[in-house]
Amino acid sequence: MTAVLWLRRDLRLHDLPALLAAHEGGQVLPVFVVDPALLATAGPVRRAHLVAALEDLRESTDRALVVRTGRPEEEVPRLVRESGAGSVHVSRETTPYGRRRDARVAAALGDVPLVATGTPYAVGPGVVRKADGDPYRVFTPFSRAWRDHGSPPPAPPPARLRWRRGVATEELPGADGPPTHAVGEAAARERWAEFLDTDLARYDTARDRPDLDATSQMSVHLKYGTIHPRTMLADVAAHPAGRTEAARRYVTELCWREFYADVLWHHPASAWSDLNDGLRSMAYEDPAGTPAAHVRAWEEGRTGYPFVDAAMRQLRETGWMHNRARMVVASFLVKDLHVWWPHGARHFLAHLADGDLASNNHGWQWVAGTGTDAAPYFRVFNPVSQGERFDPAGDYVRRHVPELAHVPGAAVHQPWRVPDGLAHGYPERIVDHAAERAEALRRYESARAA
DNA sequence: TCAATGTTGGC
DNA sequence: CCAACATTG
């Protein structure tokens, strides 16, 4: 009997042990349904990573992968008919849209079961709850309960899968260029081993430094499911430095990803609207209105604040941005340019190769002061002092902003104070941070009063 | 109070 | 034809 293996971006073969157990003797038809809307909203770098991930998936299925463009509720039943399959296997969906879509597919399949096993999380969303059964809304108690809950060991890699062949496939979608980070299962394993060898031990001190390349860079691999967080947790626990503060810190960062998935599970509307009502009457600028030039300058890295601009250019050019920089540029859009956070979240999701709805949008809500555990609204990141503190030699700025290559050291964070600092085309500041910080606080006070 | 695309159902 | 609705990250 044939089983359809309906693969999604964030779950790969080694995460479906139930399928393997059920089909030791059968044939497996691996399928990926391309959603045109998904490609349409992706910027060029994000698209390049998606296409490369599909190419890797095709290789890791011995080129048996069948690609179809269309609506899953039509394409999946069609593939079942074409192959005579008796079941369809998927990962358990965790986003609100995904859950609705899977319900439609299950209905369209009729008697053929849609079997959901596996999750791209160590502990599935919706599992960790308070004693009274309610979900957590604060990270720290969630992380304790999550740690105490524990997670199953990683599933063994698949063995003896027999691929079903002869079902027509489309060509993979094309991309404008190669991805900027290697994607695929081999690349994920390679980077993970390198991180454990070189960067885990210094993770707690170096992780906040965008100039040092000391983060794990595992986000894109988690996004595409080419490594499972249970594998990572087991490897950290078994590592010589597994009991250190640095390792604990890394596990906490993995827990943030699980926490935000859990929040989205319980509050689907929080993807694109304020989770907390407190700032409902906040006055924001319309990004399509007069200050549109400001938003475009932010997107293109021309705000005149070097740390912000380096980060925004890193995003567009490489499809990735250091987490410290993500917080600073988000604060700049929301509190210096007074733009509602979903505008920024959308831009991030279009360009980040690792962009994940739950982590990205709740991270934005955290900065904007509307989310779980949110930073209080009056806490405004200073783009200059953040740069001086976390890029102390200015290397990060010069790496991404060539117009400032001639400014040495930390002076690069305030080129307007350097003779000839703006001589090679770097722009003047589009706003005055101190004035806009005060303006943000004024708006916050009147929103609270309302 | 996301933006962009695709679908539907009125005429 | 096009406005309203649905869908995606």
Side-chain angles (χ1 to χ4, degrees), chain A residues 8-11 32-51 53-54 68-76 93-105 107-108 120 173 219-220 222-225 257 260-261 264-265 268-292 295-296 298-299 315-316 319-321 326 330 333-335 337-365 367-371 377 443 447 450:
Chain A
R8 275 90 83 106
R9 271 186 321 295
D10 57 1
L11 211 82
F32 194 98
V33 180
V34 176
D35 186 331
L38 188 148
L39 287 173
T41 55
V45 180
R46 185 179 173 96
R47 183 188 176 110
H49 284 81
L50 175 60
V51 171
L54 280 175
R68 294 285 175 90
T69 302
R71 296 166 62 77
E73 55 266 50
E74 290 157 13
E75 296 305 324
V76 173
E93 261 294 352
T94 57
T95 64
Y97 303 121
R99 288 152 76 183
R100 283 209 300 272
R101 181 197 57 211
D102 283 7
R104 289 197 307 270
V105 172
S219 54
V220 74
L222 286 166
K223 171 70 192 172
Y224 287 112
R257 176 174 172 273
Y260 281 146
L264 185 62
W265 176 271
S270 71
W272 291 107
S273 57
D274 291 0
L275 185 63
N276 287 327
D277 287 352
L279 299 179
R280 184 59 57 86
S281 57
M282 188 77 177
Y284 293 110
E285 298 297 327
D286 176 2
T290 313
V295 176
R296 210 170 313 123
W298 176 81
E299 291 175 352
L315 170 63
R316 280 170 79 107
W320 187 81
M321 191 194 294
R326 294 188 197 199
L333 185 74
V334 172
K335 297 178 186 180
L337 302 183
H338 318 294
V339 171
W340 196 37
W341 65 266
H343 298 285
R346 184 186 50 73
H347 179 78
F348 268 36
L349 281 182
H351 292 277
L352 282 170
D354 65 18
D356 169 83
L357 185 70
S359 295
N360 181 65
N361 291 34
H362 290 122
W364 272 89
Q365 294 225 43
V367 172
T370 62
Y377 191 86
R443 294 182 185 213

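Throughout, a chain's letter reflects where its sequence line sits, starting with A, and its residues are numbered from 1.
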One thing to verify: whether [Y] and [X] come together as a salt bridge, which I'm taking to mean a side-chain N less than 4.0 angstrom from a carboxylate O.
X: A:R257; Y: A:D354; result: no
X: A:E285; Y: A:R443; result: yes
X: A:D277; Y: A:R280; result: yes
X: A:E93; Y: A:R101; result: yes

(message) Under 3.5 Å for both pairing distances: what stems, at least three Watson-Crick or G-U pairs long, include DNA chain C?
(response)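 Output for stems: B:2-10 with C:1-9.
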(message) OP1 or OP2 of B:dT1 versus the side-chain N and O atoms of A:H343: is any pair under 4.0 Å?
(response) no
Nearest whole angstrom, please: distance from the [atom2] of [N] to the [atom1] of [X].
X: A:N361; N: B:dT1; atom1: CG; atom2: C1'; result: 14 Å
X: A:W364; N: B:dC2; atom1: CH2; atom2: C1'; result: 12 Å
X: A:D35; N: B:dT5; atom1: CG; atom2: P; result: 13 Å
X: A:L352; N: B:dC2; atom1: CG; atom2: P; result: 20 Å
X: A:D102; N: C:dT8; atom1: CG; atom2: C1'; result: 14 Å
X: A:R46; N: B:dA4; atom1: CZ; atom2: P; result: 16 Å
X: A:L264; N: C:dT8; atom1: CG; atom2: C1'; result: 13 Å
X: A:R8; N: C:dT8; atom1: CZ; atom2: P; result: 11 Å

(request) Please assess A:D274 against A:W341 for the test side-chain hydrogen bond (donor to acceptor under 3.5 Å, both in side chains), listing each intermediate value before the final yes or no. (result) CA-CA 9 Å; A:D274 291 0; A:W341 65 266; 2.8 Å; yes
(request) Side chain of A:W340 only, please: which of B:dC2, C:dT7, B:dG6 is the nearest? (result) B:dC2
(message) Looking only at the side chain of A:P342 (C-beta and beyond, no hydrogens), which of the listed nucleotides B:dG6, B:dC2, C:dT8 gets closest?
(response)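 The nucleotide sitting nearest to the side chain is B:dC2.
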(message) Both A:E74 and A:T41 contact DNA chain B. Taking the nearest nucleotide for each, which residue is further toward the 5' end?
(response) A:T41
(message) Over all strands shown, is A:Y284 touching base, sugar-phosphate only, or nothing at heavy-atom distances under 4.0 angstrom?
(response) nothing
(request) Name the nucleic acid region contacted by A:R104, choosing base, sugar-phosphate or nothing; use a 4.0 angstrom heavy-atom cut-off, strictly under. (result) sugar-phosphate
(request) Look at the rings of A:H343 and A:W340 and say which category their plane angle falls in: under 30° parallel, 30 to 60° tilted, over 60° perpendicular. (result) perpendicular
(message) Please check: side-chain N/O of A:Q365 versus main-chain N/O of A:S273, any donor-acceptor pairing under 3.5 Å?
(response)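 Yes, the answer is positive, given that a donor and an acceptor are paired below the 3.5 Å cut-off.
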